[in-house]
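Data first, discussion second: the structure below is written as structure tokens.
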Amino acid sequence: MLAYNLIGSSLVALGALSIATMRARANWGSSALDRTTGAQEAVSERAPSPENDGWYHQHGDPSVVELGGSMGPRLIIVSNRVAVPEPGSKQMAGGLVVAVKAALRNRTGVWFGWSGKIDETETAEPRTIERNHITYAVIDLSKNDFEEYYNGLANRVLWPILHYRVDLQEYSRADHSGYMRVNRLFADKLSAFLREDDVIWVHDYHLMPLARELRIRGRLNPIGFFLHIPCAPLDILRTLPHHDEILGALTDYDLVGFQTENDRDNFAAYLSTAPGVKKGRGLTFEVEGRQTRIGAFPVSIETATYARLARKAARSPFAKEIRESLTGLRLVLGVDRLDYSKGIVQRINAFDRFLEVNPEWRSRVTLLQIAPRSRSAIIDYAAIENEVTTLIGRVNGRYGEAFWTPIRYINRFHSRTALSGIYRAADVALITPLRDGMNIVAKEYVAAQDPENPGVLVLSQFAGAAAELTGALIVNPHECDAVAAALKRALGMPLFERRERHGPMLEHLLVHDIDQWAESYLAALAETRQRPGLMSELRAFLSPSRSRTDRRATPEVRRQA
Ligand code: G6P
């Protein structure tokens with residue numbers, strides 16, 4: 001209660017920032033683009049149809065106000081996708097989901113976002129479900145929103161640009177308007193249940209303007225943003241038409257987090273040249289008297305839990321089946337969403353080269369490429385799928401034998417548990433994205449290994465994880481011969497070197513796990529609103545497990561793993 005009062009009164013003090021200032025500020029960077037209109041593009045025939053699983057229930061206005069409990073500060077997580085727990089369903093395994101779950105662990109909170117469903121009744125209130133002190137609140141999108149916001153600006157423009165693929169961006173004003181419209185929709189729905197002591201944490205490129213929209217609605221709450229994908233250099237960011245309206249809107253957040261220092265520095269360079277933005281002390285920037293801080297917070301995994309999961313999975317019937325199917329072959333593994341940023345084509349080419357120049361390895365090794373389909377309404381995704389399928393067919397045709405398939409290719413989604421067993425069985429993980437924010441598969445592979453007999457990680461220098469996983473064989477995915485050579489080296493690596501490389505990486509991940517990530521981000525967010533030492537209750541709320549565990553990789557922590 002004391003915490004509640006203190007935080008409440010501090011935020012009232014923060015209310016000294018007038019709404020008028022907020023409004024003026026919110027106009028910074030607004031473009032000539034009409035915010036409310038825009039020609040509507042044809043809706044994709046491939047948009048998902050609504051399913052009613054009967055799992056949610058409706059909330060009217062009064063109950064929505066009480067989402068996540070009626071007392072005390074709440075952590076409000078906002079992301080495009082929300083992993084609503086569904087009975088009997090496989091757990092979603094993506095980095096964002098793992099990260100958000102960690103942020104909400106031991107905190108009272110709400111996770112708000114898109115249900116993943118299409119429905120035209122946009123005015124509906126969020127559907128909610130309560131699970132272990134977390135309230136999941138989701139809204140549907142109309143077909144038009146789905147096409148313009150999700151398929152359109154988010155995934156046809158922001159995704160390629162931020163992954164340095166300017167050549168793939170397909171900008172349209174209609175999509176831009178749709179993106180802004182859905183951000184306003186999110187702000188409206190969110191505003192309806194926000195309390196003044198809520199702390200808001202927005203995730204990923206779909207929702208960059210959300211804080212600005214909330215500020216326009218008079219919301220003075222601490223609002224943080226985390227970009228899960230890379231941030232490209234200044235000249236590339238500037239290829240985004242009306243970038244000030246989208247990237248510039250990030251200055252309405254109190255803290256903007258990036259995966260790596262490189263991403264952070266790219267954004268700092270962008271802000272340094274943005275009109276009306278003044279460089280403050282350290283990593284802070286100022287717009288019209290309000291401060292934004294930026295920082296690097298490399299996302300991680302539940303290292304100890306994942307290691308335990310893999311140990312168990314190794315004894316499962318599924319893992320036994322995999323081992324038996326290998327009939328003595330060495331296993332090289334690739335696991336990626338089927339996306340052009342993942343470098344799957346270059347990887348297959350490198351495997352082709354490896355078999356070409358090392359005939360002694362033919363019939364002794366197999367590459368298992370797991371690649372669940374993704375965003376298939378977008379032409380570049382359909383194109384990459386065709387290219388990968390054709391290429392794999394060619395390699396299998398060229399080198400395959402009646403008794404040996406060089407590349408096994410699977411589009412099916414696998415649960416975290418199943419994947420952990422596959423990671424443990426793999427001699428080498430070939431993780432070679434052309435550009436990746438972090439790549440948690442790399443971290444999961446390390447955590448899943450038997451420390452006594454670990455496999456080898458071959459990792460692209462362009463994955464965010466490369467900055468931390470220095471025991472990997474680091475490669476440039478564009479250099480086919482070098483990747484082929486690294487694969488040969490990995491397959492022949494003696495046990496002592498495998499251990500020497502793996503041990504420090506596991507230690508690092510045990511310390512820098514996902515809880516530590518959430519705690520450090522939220523502590524930094526709390527710091528942005530106070531002079532150090534003030535409002536310690538807010539910090540305590542945001543970091544409940546800080547004192548619970550000292551995260552040094554003590555022998556005990558290692559044993560638990
Ligand atoms: C990346 C993004 C996430 C996104 C995920 C899956 O990891 O950072 O925001 O949710 O890909 O993509 P999808 O378009 O299916 O949500």
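These numbers come from the heavy atoms of this one structure, side chains and all, not from hydrogens, waters or symmetry mates. Along the sequence shown, residues carry numbers from 1. Remember, it's 1-based here, ligands and their atoms both numbered in the order they're listed.
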Does [X] reach ligand 1 with a nitrogen or oxygen that is under 3.5 Å from one of the ligand's nitrogen or oxygen atoms?
X      : value
Asp204 : yes
Trp159 : no
Arg375 : yes

Fill in: Option among Trp201, Phe285, Tyr521, Phe225 that satisfies the ring pair (Phe, Tyr, Trp, His ring centres under 6.0 Å) test with Tyr253
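Going through Trp201, Phe285, Tyr521, Phe225 one by one, the ring pair (Phe, Tyr, Trp, His ring centres under 6.0 Å) with Tyr253 is satisfied by Phe225 alone.
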
Discussion item. Exactly one of Tyr205, Trp517, Phe297 should register a ring pair (Phe, Tyr, Trp, His ring centres under 6.0 Å) with Phe226. Which one does?
Written reply: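 The residue from Tyr205, Trp517, Phe297 that satisfies ring pair (Phe, Tyr, Trp, His ring centres under 6.0 Å) with Phe226 turns out to be Trp517.
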
Worksheet item: When you measure from the centre of the six-membered ring of Phe258, is the NZ or CZ of Arg264 under 6.0 Å away and within 45° of the axis?
Response: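 Checked: cation-pi criterion not met.
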
List every atom of ligand 1 that sits less than 4.0 Å from any heavy atom of [X], numbering the atoms from 1 in the order shown and giving each element.
X      : value
Arg337 : 6 (C), 11 (O)
His228 : 8 (O)
His206 : 9 (O)
Arg81  : 13 (P), 15 (O), 16 (O)
Ile229 : 8 (O)
Leu96  : 9 (O)

Worksheet item: Is any NZ, NE, NH1 or NH2 atom of the basic residue among Lys117 and Asp140 found under 4.0 Å from an Asp or Glu carboxylate oxygen of the other?
Response: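 Salt bridge between Lys117 and Asp140, a charged N being under 4.0 Å from a carboxylate O: no.
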
Fill in: Minimum-distance protein heavy atom relative to atom 14 (O) of ligand 1
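Here the nearest protein heavy atom works out to Tyr150 OH, 2.5 Å.
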
Worksheet item: Are there protein heavy-atom neighbours of atom 12 (O) of ligand 1 below 4.0 Å?
Response: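 Yes, at least one protein heavy atom sits under 4.0 Å from atom 12 (O) of ligand 1.
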
Worksheet item: Under 6.0 Å between the ring centres of His206 and Tyr179?
Response: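 Ring-ring flag for His206/Tyr179: false, centres at least 6.0 Å apart.
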
Worksheet item: When the aromatic ring centroids of Trp114 and Phe146 are compared, is their separation below 6.0 Å?
Response: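 Between Phe146 and Trp114, which both carry aromatic rings, the centre distance is below 6.0 Å.
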
Item to complete: Describe, in one word, how the ring planes of His414 and Phe318 are oriented to each other, choosing from parallel (under 30°), tilted (30 to 60°) and perpendicular (over 60°).
Response: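 Geometry flag for Phe318 against His414: tilted rings.
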
Worksheet item: Between the main-chain N or O of Pro209 and the side-chain N or O of Glu213, is there a donor-acceptor pair closer than 3.5 Å?
Response: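 It does not hold such a pair.
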
